[in-house]
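Reading through the structure tokens given below for one structure.
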Amino acid sequence: MVGMRAITIEQPGGPEALRWTEVPDPVPAPDEVLIEVCAAGVNRADLLQRQGHYPPPAGAPPYPGMEVSGRIVAVGGGSHHWQVGQDVCALISGGGYAELAVAPVGQLLPVPRNVPVEDAAALPEVAATVFSNVVDVAGIRPGETLLVHGGGSGIGTFAVQLGKALGAHVVTTARQGKHEALTRLGADRVIDYTVEDFSATVKADVILDIIGGAYLAGNVKALNEGGRLVVIGMQGGRKAELDLGALLAKRGSVFATALRSRSLAQKASIIRGVREEVWPLIDEGLIGPVVHSRVPLPDATEAHRLMESSEHFGKIILTRP
Ligand SMILES: NC(=O)c1ccc[n+]([C@@H]2O[C@H](COP(=O)([O-])OP(=O)(O)OC[C@H]3O[C@@H](n4cnc5c(N)ncnc54)[C@H](OP(=O)(O)O)[C@@H]3O)[C@@H](O)[C@H]2O)c1
């Protein structure tokens, strides 16, 4: 059997559960391509998968990694324009922490102008998540206020930039040490959530929330009339009481969405939107990947420890040794 190497999860557990191991080469099916991975993005969900709390969707490789960049080295057939030799980045449903990864053609994006191939691995997950929620779901409009929780996260650093580029007034929450960098990224106001209750002073039209339960009441309080709250993470718990009276008085909406479990057709549609509306902004240099560190792929344990510490600002990527 031909074997590539990938980071596998020996037993669900801590970062030390990650192992650089030989596994069978993935084979692209029709409408898929095989990518020689240059870099893979690390996402918070990978930590949950490692702990055994977030199994990959059916059919996805068992090892982690939801986004990669690299070169197409084989095409599985089907009718599309992607070719061997093209540099791409891709949203995938698993198996990105590897030397080779398979991606559906509908989830491929070209490497943007002026972005190194390696750094492009930091883009697909945040671009697809932020675009689909802030633009598609919440329909942000120029002049509106966007509140981004966790501005220093991979998701947050992209949401702050995209919000500004789309003409929103951007408020974000983060620990003090990340404030200067967030202001440089374009945030109009940064709140230290460890000492200040955002809901006492913020009024937002759109809220992108990664905290969930612990912030639900505060988020509803912070919504403007007609405001839209989109919950995409549950770092602060999955349950909380929703005050419908407070919500209906301001005609507010609460959405909760996940990207990974969506159908191929839905992901392809999101990626089309990203390519049409977000990629030109990256090509023009108005927004871009924020890469905190590049860790060699075999040292994924170190990358997971770093993410668990929350000392990073933006994305951590794993690079081919
Ligand atoms: N639903 C979806 O489709 C989807 C897709 C992608 C990601 N997500 C979710 O989005 C979140 C971010 O993902 P990521 O990969 O970008 O993670 P990440 O880089 O590890 O960021 C996590 C962030 O949480 C912040 N944080 C912790 N407690 C906070 C609080 N009480 N208030 C405000 N911020 C707080 C930390 O900021 P400080 O250092 O400032 O504390 C840190 O920046 C995760 O919850 C992930 O599951 C959801």
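In each ligand, atom 1 is the first atom listed, and ligand 1 is the first ligand listed. Sequential numbering from 1 along the given sequence is applied to the chain's residues.
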| task | Kindly determine whether Asp46 and Tyr54 satisfy side chain to side chain donor-acceptor pair (under 3.5 Å), including the steps that lead there. | result | CA-CA 8 Å; Asp46 303 342; Tyr54 192 45; over 6 Å; no

| said: Treating Asp87 as the side-chain partner and Val117 as the backbone partner, does any N or O pair qualify as donor plus acceptor under 3.5 Å? | reply: no

| message | Between Arg262 and Ala258 (side chain of the first, backbone of the second, donor and acceptor by atom type, cut-off under 3.5 Å), is there such a pair? | response | yes

| remark: Checking heavy atoms under 4.0 Å, the part of Arg44 that sits near ligand 1 is both

| Interfacing atoms of ligand 1 (cut-off 4.0 Å, heavy-atom, Ser310) | 36 (C), 39 (O), 42 (C)

| Numbered atoms of ligand 1 (with element) below 4.0 Å of Ala258, judged on heavy atoms | 1 (N), 2 (C), 3 (O)

| note | In terms of heavy-atom contacts, Gln11 and Ala17 come closest through O-CB, 3.1 Å

| task | Given side chain to side chain donor-acceptor pair (under 3.5 Å), test Arg260 with Gln49 step by step and report yes or no. | result | CA-CA 12 Å; Arg260 194 184 198 184; Gln49 181 172 338; 2.9 Å; yes

| said: Quick check on contacts: which atoms of ligand 1 are under 4.0 angstrom from a heavy atom of Glu125? | reply: 5 (C), 6 (C)

| Salt bridge flag under 4.0 Å for residues Arg175 and Glu180 | no

| query | At under 4.0 Å between heavy atoms, which part of Ile155 makes contact with ligand 1: side chain, backbone, both or neither? | reply | both

| field | Side chain, backbone, both or neither: Glu311 near ligand 1, heavy atoms under 4.0 Å | value | neither

| said: Between ligand 1 and Phe313, can you find any atom pair, the residue atom being a heavy atom, that is separated by under 4.0 Å? | reply: no

| Any ion pair linking Arg141 and Glu144 (charged N to carboxylate O, less than 4.0 Å)? | yes

| Using heavy atoms and a threshold below 4.0 Å, how should the contact between Lys315 and ligand 1 be classified: side chain, backbone, both, or neither? | neither

| task | Just let me know how Thr257 lines up against ligand 1, side chain, backbone, both or neither, with a heavy-atom cut-off below 4.0 Å. | result | backbone

| Atoms of ligand 1 close to Leu259 [distance to a heavy atom under 4.0 angstrom, numbered from 1] | 2 (C), 3 (O)

| note | Restricting to heavy atoms, the pick from Thr172, Ile232, Val148 nearest atom 8 (N) of ligand 1 would be Ile232

| message | If the threshold is 4.0 Å, N to carboxylate O, is there a salt bridge linking Arg272 and Glu277? | response | no

| Which of the ligand 1 atoms, numbered from 1, are nearer than 4.0 Å to a heavy atom of Gly150 | 33 (C), 34 (N)

| Which is it for Arg260 and ligand 1 at heavy atoms under 4.0 Å: side chain, backbone, both or neither? | neither

| said: Ignoring hydrogens and geometry beyond distance, is a side-chain donor-acceptor pair present between Thr173 and His149 at under 3.5 Å? | reply: yes

| Within-shell test, Gly236 vs ligand 1, heavy atom, strictly < 4.0 Å | no

| Sub-3.5 Å N/O-N/O distance, Ala174 and ligand 1 | no

| Pair Lys315-Asp119, salt bridge (charged side-chain N to carboxylate O under 4.0 Å, His left out): steps then yes or no | CA-CA 9 Å; Lys315 294 285 293 190; Asp119 289 5; over 6 Å; no

| Has Gly152 got any heavy atom lying under 4.0 angstrom from an atom of ligand 1? | yes

| Should Phe131 and Phe158 be marked as a ring-ring contact (aromatic ring centres under 6.0 Å, His included) after you check the CA-CA gap, both sets of side-chain angles, and the distance that decides it? | CA-CA 9 Å; Phe131 172 76; Phe158 200 81; 9.9 Å; no

| For ligand 1, which atoms, with element, lie under 4.0 Å from some heavy atom of Gly154? | 16 (O), 19 (O)

| query | Which ligand 1 atoms are under 4.0 Å away from a heavy-atom of Thr173? | reply | 33 (C)

